[in-house]
Amino acid sequence: MTALIQLTGITKVLKGQEQPRTILDGVSLDVHPGESLAIVGRSGSGKSTLLSVLGLFDRPDQGTYLLSGTDISRLPERRAAKLRSSHFGFVFQRFFLLKHLTAAQNVAMALVNGQGWLPRRQRRARVMQALDEVGIAHLAKNRPARMSGGEQQRVAIARALVREPRILLADEPTGALDTETGTLVIDALQSVTARGCALILVTHDRDHAARMGRLLHLDAGVLTEQLVTS
Ligand SMILES: Nc1ncnc2c1ncn2[C@@H]1O[C@H](COP(=O)(O)OP(=O)(O)OP(=O)(O)O)[C@@H](O)[C@H]1O
Ligand SMILES: [Mg+2]
């Protein structure tokens, strides 16, 4: 089976300083549909940089990036932007919700910005399905100010899911939440793998990392996979 993502020898060098610094150092990684991966590593090890390369916000200096077998390592920005909205969902530590809009309206924004116009009824059905998938359909009409942090993050996840991405990239999505709330958010994230979406989670939380199917460690830009025993 063709991998969804295949990175080979990805290197990212930070220039413009006295000495160029290697941030990603020959990273190779295959990801298949429905897999969940945790990326752990100390602060500054390159985790967010790797996610920006994966999500096409940034290009590698060396190496190849195949998406479903197509080489996208050196894609011009316009085509990268298209692929970003058709293939990827993003979740960050901060929720970036629009506070004057309801949960449903926040999620609907992701459909308006990028997928042309869907008829209103279809749009509404997709929004409600995404909210339901993360367990907060009952909060559809609430505004972020009246929700807990965990609920707000689940709105952000629904917003990422509503375009039905093939890959969900989450950069410390529980970083601003307490452990119990964080666990609910991880549940919501993990549910996407059931329909074949791949989940790549950057986290400092060992328990959350252990719940992913694969565990990868980034150390000064070098990625190694740890065998999961349980
Ligand atoms: N735009 C930038 N300008 C300068 N340095 C950068 C830039 N982006 C990343 N870096 C440097 O690259 C290295 C890797 O950063 P990155 O943000 O990927 O680490 P991280 O593993 O996500 O860390 P954290 O756990 O703190 O989020 C760091 O040393 C950082 O200082
Ligand atoms: Mg980071």
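Just follow the structure's listing: the first ligand is 1, and inside any ligand the first atom is 1. Note: hydrogens, waters and symmetry copies are ignored here, and every other heavy atom, side chains too, is used.
Residues Glu151 and Thr181 form no side-chain contact, since every pair of their non-hydrogen atoms from C-beta on lies 4.5 Å or further apart.
In Arg124, the CZ atom is not crowded: 12 or fewer heavy atoms of neighbouring residues, nucleotides or ligands sit closer than 6.0 Å.
Asn106 contributes a side-chain N or O that, together with a main-chain N or O of Thr102, makes up a donor-acceptor pair within less than 3.5 Å. Looking only at distances, a side-chain donor or acceptor of Thr11 sits under 3.5 Å from a matching main-chain atom of Gly26.
Of the N and O atoms on the side chains of Ser48 and Asp171, at least one donor lies less than 3.5 Å from an acceptor on the other residue. No side-chain N or O of Thr203 forms a donor-acceptor pair with one of Asp205 less than 3.5 Å apart.
Nearest protein heavy-atom neighbour of atom 17 (O) of ligand 1: Ser48 CB, 3.7 Å. Protein heavy atom nearest atom 30 (C) of ligand 1, with residue, atom name and distance: Arg21 NH2, 4.2 Å. The protein non-hydrogen atom at the shortest distance from atom 23 (O) of ligand 1 is Gly44 N, 2.8 Å. With respect to atom 26 (O) of ligand 1, the closest heavy atom belonging to the protein is Ser43 OG, 2.5 Å. Remark: minimum distance from atom 9 (C) of ligand 1 to any protein heavy atom is reached at Thr49 OG1, 4.2 Å. The protein atom (non-hydrogen) at minimum distance from atom 25 (O) of ligand 1 is Lys47 NZ, 2.7 Å.
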When you look at Glu77 and Arg84, which way does the salt bridge (Lys or Arg N to Asp or Glu O under 4.0 Å) test go after all the steps? CA-CA 10 Å; Glu77 175 51 28; Arg84 254 195 319 266; 2.7 Å; yes

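The nearest N, O or S atom of Thr49 is not closer to the Mg ion (ligand 2) than 2.8 Å.
Under 4.0 angstrom from ligand 1, there are no non-hydrogen atoms of Leu50. At a heavy-atom distance under 4.0 Å, only backbone atoms of Arg42 (N, CA, C or O) approach ligand 1.
Checking each of Ile10, Leu24, Leu218, Leu14 against Thr49 for a side-chain contact (heavy atoms from CB on, under 4.5 Å) leaves exactly one that passes, namely Leu24. If you run side-chain contact (heavy atoms from CB on, under 4.5 Å) between Ser36 and each of Arg214, Gln190, Arg211, only Gln190 comes through.
Taking each of Leu24, Thr203, Val53, Leu14 in turn, the one with a heavy atom nearest to atom 3 (N) of ligand 1 proves to be Leu14.
Residue Glu172 approaches ligand 1 through these ligand atoms, each under 4.0 Å from one of its heavy atoms: 25 (O), 27 (O). Against a heavy-atom cut-off of under 4.0 Å, His204 is close to the following atoms of ligand 1: 25 (O).
Any N or O atom pair closer than 3.5 Å counts here, and Ile23 shares no such pair with ligand 1.
Ligand 1 lies out of reach of Gly41, whose nearest heavy atom is not under 4.0 Å from it.
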